[in-house]
Amino acid sequence: DDFTRFTPAMLINGEALPFPFKEITLVRITLALSRIALRLDRLEDAKQFANFGLEKIGVATDLKKAFQDVIQLAEKQS
């Protein structure tokens with residue numbers, strides 16, 4: 001489905017996101033995509049999504065930790 005086919009490169013290039021909800025922020029979408037990639041053992045994609053999210057996050061410390069957790073889990077599994 002769309003969630004499993006979406007790649008970090010597609011996100012960086014600004015391609016249409018696989019989420020129909022307009023009220024979800026790009027950072028939260030990126031967190032969801034990083035978690036989906038992690039669950040599907042797309043470890044490098046999970047890290048790239050998480051790093052992209054960290055670049056866009058601003059001062060939202062709770063989300064920062066969530067992205068860092070994804071990166072840490074992906075590194076442990078690889």
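Predicted, not measured: the structure shown is a model, and the values here were computed from it. Residues take their numbers from the sequence shown, with the count starting at 1.
- Counting heavy atoms from C-beta outward, Gln48 and Ile12 have side chains that stay 4.5 Å or more apart.
- Leu63 and Ile29 fall into different hydrophobic clusters, where Ile, Leu, Val, Met, Phe, Trp and Tyr residues are linked whenever their side-chain heavy atoms come under 4.5 Å apart, directly or through other members.
- Atom-to-atom distance recorded for Leu73:CG and Arg35:CZ is 10.0 Å, nearest 0.5 angstrom.
- By the 4.5 Å heavy-atom criterion applied to side chains, Ile24 and Leu17 are not counted as neighbours.
- Put simply, the side chain of Leu11 reaches to within 4.5 Å of the side chain of Leu26, judged on heavy atoms.
- Gln72 contributes atom CD, which lies 11.0 Å from atom CD of Gln77 (distance to the nearest 0.5 angstrom).
- In the hydrophobic clustering of this structure, Phe52 groups with Met10; members are Ile, Leu, Val, Met, Phe, Trp, Tyr whose side-chain heavy atoms approach within less than 4.5 Å, directly or through other members.
- Across all their heavy atoms, Ala50 and Ser34 have their closest contact at N-CB, 3.8 Å.
- Closest non-hydrogen pair, Asp45 versus Pro8, comes out as OD1-CD, 3.4 Å.
- Phe49 is not listed as a side-chain neighbour of Leu38, based on a closest heavy-atom distance of 4.5 Å or more.
- The nearest pair of heavy atoms linking Phe67 to Thr30 is CE2-C, 3.9 Å.
- With rounding to the nearest 0.5 Å, the separation of CG in Leu31 from OG1 in Thr25 is 9.0 Å.
- The distance from the CD atom of Gln68 to the CG atom of Leu54 is 6.0 Å, given to the nearest 0.5 Å.
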